[in-house]
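Input: a single structure, listed below in C-alpha cells.
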Amino acid sequence: MSLIIRKATLNDLPVLLEFEQGVITAERPFDPTIKEGTIHYYDINELITSPHSAVFVAESNGNIVASGYAKIKTDRHYLKHAYQGYLGFMFVSEPYRGKRLNKMIIDALLKWCKTQNIFEIRLDVYDDNIPAIKAYEKVGFKKHMINMRLDIENLDLD
C-alpha cells in the first residue's frame, strides 16, 4: 500500500464532502439532537484555505482514504494558554480502518500545530463512541471534561 499524508487542496473537496457525511452517519447513533437529512458540520473550503487551520488527508494509490483538521481557536481568558488547536473531521474509509491512518493524520495535525506555536490540543468525542476514545487515547489524549445534556421538552417540572 503506497501511502502519503499531505495537506488537502480544494481539488479534494468532493471526496471530503463525502467523508463529512460519513462522520455524520457514524455520529448520529450517539446524538439524538442531530437533525435528520443532509446536514454539514464543517466549512471544508474555509478549513482548507484559512491560515488558521489545516486539513490533512491520507492518500493511498491516488485515492483519499482518511482525513482530519486542526483549527486554531482563541481559548477562554482564564486559561494558561491563549489559543488551542482543535481537532476534528477525523475519518478513515472502511477498508483502511485499523491501519493506524488516524494516528498518522493526528501526527501531521500535531506537527502543524507546533509550527503555529500551538501546544494545547483539544477535541470532542461522544462518550459512547468507545472505538474513537480508544484511538485518541492511543495517541496520548486523556479525558478532561464531560459535557452533559438534558432534554426537558416532555419533562414534568410541576
*Within 45 degrees of the axis of the six-membered ring of F91 and under 6.0 Å from its centre: does R97 put its NZ or CZ there?*
yes
_D107/K103 ion pair, N-O < 4.0 Å_ = yes
*Is Q116 reaching over with its side chain to a backbone N or O of H52, donor-acceptor style, under 3.5 angstrom?*
no
*Which heavy-atom pair separates A132 from V125 by the least distance, and what is that distance?*
CB-CG2, 3.7 Å
_side-chain contact (heavy atoms from CB on, under 4.5 Å) between M104 and L3, worked out_ = CA-CA 10 Å; M104 291 181 216; L3 190 66; 3.4 Å; yes
*So how far is it from Y126 OH to E27 CD, rounded to the nearest 0.5 Å?*
5.0 Å
*Option among L16, L17, V23, V55 that satisfies the side chain to side chain contact (heavy atoms under 4.5 Å, CB included) test with Y42*: V23
*How long is the span from the CD1 atom in I24 to the CD1 atom in I39, to the nearest 0.5 Å?*
4.0 Å
_Minimum heavy-atom separation for A54 and K7, please, with both atom names._
CB-CE, 3.9 Å
*asked:* Run the side-chain contact (heavy atoms from CB on, under 4.5 Å) test on F89 and I44 for me, step by step, so that the C-alpha distance in whole Å, both residues' side-chain angles and the decisive distance to 0.1 Å come before the verdict.
replied: CA-CA 9 Å; F89 193 29; I44 300 170; 4.0 Å; yes
_Restricting to non-hydrogen atoms, name the atom on Y83 and the atom on E120 that form the minimum distance, rounded to 0.1 Å._
O-CB, 4.0 Å
*For the residue pair S93 and E18, establish whether any side-chain heavy-atom pair is separated by less than 4.5 Å.*
no
*In a check of side chain to side chain contact (heavy atoms under 4.5 Å, CB included) between V139 and each of N102, I121, I106, I105, which one passes?*
I106
